[in-house]
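Written out below as structure tokens is the structure these notes cover.
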Amino acid sequence: MSDDTKSLNFIEHIIEDDLANGFSKNKLRFRFPPEPNGYLHIGHASSICLNFGLGLRYNAPVNLRFDDTNPAKEEQEYVDAIKRDVEWLGFNWAEEVYASDYFQQLYDWAVTFIKEGKAYVDSQSAAQIAEQKGTPTEHGVASPYRDRSVAENLALFNEMKECKFAEGEHVLRAKIDMTSSNMLMRDPIMYRILHKAHHRTNTDWCIYPMYDWTHGESDYLEQVSHSFCTLEFAMHRELYDWFLDQVVASDKVRPKQREFARRNFSHTVVSKRKLLQLVEEKVVTSWDDPRMPTISGLRRKGYTAEAIRNFSNTIGIAKRENVVDVSLLEFSIREHLNRVAPRVMAVLDPLKVVITNYPKDQEEWLEAENNQEDESAGYRTVPFSRELYIEKEDFREEANKKFFRLKLGNEVRLKNGYIIKAESCTKDTDGNILEVQCTYDPKSRSGSGTEESLRKVKGTLHWVSIKHAIPAEVRLYDRLFTDETPDQHKDKDFMEFINPDSLTVITGYLEPSLKTAQPEDFFQFQRLGYFNVDTDSSAEKLVFNKTVGLRDTWAKMQQK
RNA sequence: UGGUCCAUGGUGUAAUUGGCAACACUCCGGUUUUUGGUACCGUCAUUCAAGGUUCGAGUCCUUGUGGACCAACCA
């Protein structure tokens, strides 16, 4: 499918080994199994790209399966958001399925387990069961209910199903081995009573199967060949296999669970529980707040699906601990947007410039290239007049020769416009510069082909004509956490590292071509960065998000 | 104190399965440039440690060291 020269990750090696050992390629099948209890984040993107990427590579079906066995936490809103995100990332699932589709089958199997003496109803409290479970270093002890008769178990389990009991009164446990070194094998709970309406089965059930009992059997029912999950499920594999052993038929595909390391990212958290906390405690406005590492947050911030896919493929997949630096993600989006984003001019921190030798009522429309990386992007015009805005930081009264921008007595080029020279400036009583007076060289217009226009001038500035500029709200984002690994401190809570300055809202001044920009449109504000139109934007009030800044070697030089 | 897993530059991932440690990002230096952007060039590692097997070890073996995970009626 894809290029053969690319090296394989350990997951692909496992599949290649299976194929080499006779597993037939047309039986390959994968799945992406989110629990609908939150929005997908950038870590999930890795898993999505892994599973759907394998589907593409081997031309195998990939199911989107919602792991919806806990009605206390799961909601339809999350199902919808997850489907939207997977679709937006550009992947097509073979089937949309739900663990809850298998509740009846799971129940029937559980009854069989009871009849075969492999499961029993325990009528102790959660605390008692936990107590008997032992510790990682000490064996567990058997429940007094472990040897209930099959008849009694059957009757009780049926009554559980018929909602005759309160939550917590009984559970169904698999009878495995209370002395196992793997605590998950110490008679794990298969069913608990939950009097909660389920987003799909409503009140049909008041007993719900646990993850371990559900996941492998769901894989089996869908004939998933390879079931990939994160490392913390490694210990669950023994149980996954035990449950499978009880039901698997020799002529069916036996799913294989393998584990990979979750991707961690610097200066953020990727845990649905923690992201939910950020939303609930109003640290951010919503799951799709552009500061969130969610897929929807990144999308709203202006990240493209292509950039996220490239990023996921670049960071790859392995089994070791990791903290992926945000610079990798930022590279991916810059790399894509550099190719496709139209260039425009916008001034975010304005300083007034008056061209003293430019006629007062004159204006002209200058031709500007939309994207020099893309010939087909074409040209637009931008208005020029006597009074302009440039960035405050682009002017200094005096500066050394490393400063290529505007300073008194020196020339710079205005992008797509004229070469100007700073003659003087006026200040307020505190010494703040209010206005710069310049003169322009009328023969130096960009693209005019004159000798003057071809002069080499070191600095080029972006600008807007004050009279024509459109004010717009611009939202600037910084990292959400001040610490590189906010949730990896044993003694401190991740919430202590919230960056109070993660959002700055300013008014920017845009060239008039942006007047008709629509939500999700993206641009490069020249010399500043990539920006997109936020969903809050309207014709009356444009709202832009800063997606990511341009690489800024000048800023780096300044720091030294 | 039991069990499972992991260890390759600042970061992430490779290494034809025992044969010259590679790719991307970052950092630093340079060339080009009407974006201090882009593009291009260059610098940055004795593969956690110590032994062993071998003509040859990142890869196999042994012993350490360091880290992650396991005691939810969560997934």
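Note that this is a predicted model, so its numbers are computed, not measured. Letters A, B, ... mirror the listed sequences (proteins, then strands); counts begin at 1.
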Residue A:Asn338, side-chain heavy atoms: nucleotide from B:G37, B:G36, B:G2 that is nearest: B:G37
N/O (side chain, A:Lys456) to phosphate O (OP1/OP2, B:U34) under 4.0 Å: yes
Among B:U17, B:A68, B:U8, the one nearest A:Arg320 by side-chain distance: B:U8
Sugar-phosphate, base or nothing in reach of A:Asn37, heavy atoms under 4.0 Å: nothing
Pair A:Arg31-A:Ser227, side chain to side chain donor-acceptor pair (under 3.5 Å): steps then yes or no: CA-CA 7 Å; A:Arg31 109 265 93 117; A:Ser227 179; 3.0 Å; yes
Donor/acceptor link under 3.5 angstrom from A:Arg551 side chain onto base of B:G36: no
Sugar-phosphate, base or nothing in reach of A:Gly529, heavy atoms under 4.0 Å: nothing
Whether A:Phe66 and A:Tyr98 hold their rings parallel, tilted or perpendicular, with breakpoints at 30° and 60°: parallel
Under-4.0 Å side-chain N/O to phosphate OP1/OP2 contact, A:Lys556 with B:C27: yes
Contact nearer the 5' end of RNA chain B, comparing A:Met235 with A:Ser446: A:Met235
Complementary nucleotide of B:A22, counting Watson-Crick and G-U pairs under 3.5 Å: B:U13
Sugar-phosphate, base or nothing in reach of A:His139, heavy atoms under 4.0 Å: nothing
Quiz item: A:Arg263 side-chain donor-acceptor pair to B:U13 base, under 3.5 Å: no
Stacking of A:Tyr211 on B:A75 base (centres under 5.5 Å, planes under 30°): no
Donor-acceptor pair (no angle test) under 3.5 Å: A:Arg413 side chain, B:U34 base: yes
Selected nucleotide, minimal atom distance to A:Ala318 side chain, candidates B:U13, B:A75, B:G37: B:U13
Sugar-phosphate, base or nothing in reach of A:Phe331, heavy atoms under 4.0 Å: sugar-phosphate
A:Lys490, nearest nucleotide to its side chain (from B:C27, B:U35, B:A68): B:A68
Side chain of A:Arg343 - closest among B:G37, B:C70, B:G12: B:G37
A:His236 ring center near A:Tyr240 ring center (under 6.0 Å): no
Parallel, tilted or perpendicular: ring planes of A:Phe103 versus A:Tyr208, cut at 30 and 60 degrees: perpendicular
Same-atom distance (P) from B:A22 to B:U65, integer angstrom: 33 Å
Residue whose closest nucleotide on RNA chain B lies nearer the 5' end, A:His236 versus A:Glu232: A:Glu232
Which nucleotide in B:U35, B:C73, B:G36 has an atom nearest any side-chain atom of A:Ile129: B:C73
Sugar-phosphate, base or nothing in reach of A:Asn182, heavy atoms under 4.0 Å: nothing
Rounded distance (Å) that lies between atom P of B:U34 and atom CG of A:Asn371: 17 Å
Donor-acceptor pair (no angle test) under 3.5 Å: A:Glu373 side chain, B:G37 base: yes
Separation between the C1' atoms of B:G52 and B:A15, rounded to whole Å: 24 Å
Separation between the P atoms of B:G19 and B:C5, rounded to whole Å: 25 Å
Aromatic ring proximity A:Trp365/A:Phe384, centre distance under 6.0 Å: no
Touch class at under 4.0 angstrom, heavy-atom based, for A:Phe403 against every strand present: base
Distance-only donor-acceptor test, A:Gln524 side-chain atoms vs B:U35 base atoms, 3.5 Å: yes
Distance flag, aromatic centroids of A:Phe165 and A:His170, threshold under 6.0 Å: yes
Sugar-phosphate only, base, or nothing, as touched by A:Arg405 at under 4.0 Å among non-hydrogen atoms: base
Closest to the A:His13 side chain, choosing from B:G37, B:C74, B:U17: B:U17
Out of B:U13, B:A71, B:G36, whichever nucleotide has its closest atom nearest the side chain of A:Met557: B:G36
Between B:C27 and B:G9 - C1' atom distance, rounded Å: 12 Å
N or O in side chain of A:Thr314 less than 4.0 angstrom from B:U13 OP1/OP2: no
Proximal nucleotide (of B:G37, B:C6, B:A75) relative to the A:Phe233 side chain: B:A75
Any A:Arg334 side-chain nitrogen or oxygen under 4.0 Å from OP1 or OP2 of B:U38: no
B:U13 OP1/OP2 closer than 4.0 Å to side-chain N/O of A:Ser7: no
Selection from B:U35, B:A14, B:U11 that lies nearest to any side-chain heavy atom of A:Gln526: B:U35
Within the 6.0 Å centroid threshold, strictly below: A:Phe331 and A:Phe311: no
Distance, C1' atom - from B:U13 to B:A75, rounded to whole angstrom: 28 Å
Separation between the C1' atoms of B:U32 and B:G42, rounded to whole Å: 15 Å
Distance between C1' atoms of B:G58 and B:A21 (Å, rounded): 8 Å
Between A:Phe531 and A:Phe523, ring centroids under 6.0 Å: no
B:U38 to B:A57 separation - C1' atoms, rounded to the nearest Å: 43 Å
Short side-chain N/O contact to B:C74 OP1/OP2 from A:Arg192, under 4.0 Å: yes
Whether A:Trp205 and A:Tyr107 hold their rings parallel, tilted or perpendicular, with breakpoints at 30° and 60°: tilted
Presence of A:Lys319 side-chain N/O under 4.0 Å of B:C6 phosphate oxygens OP1/OP2: yes
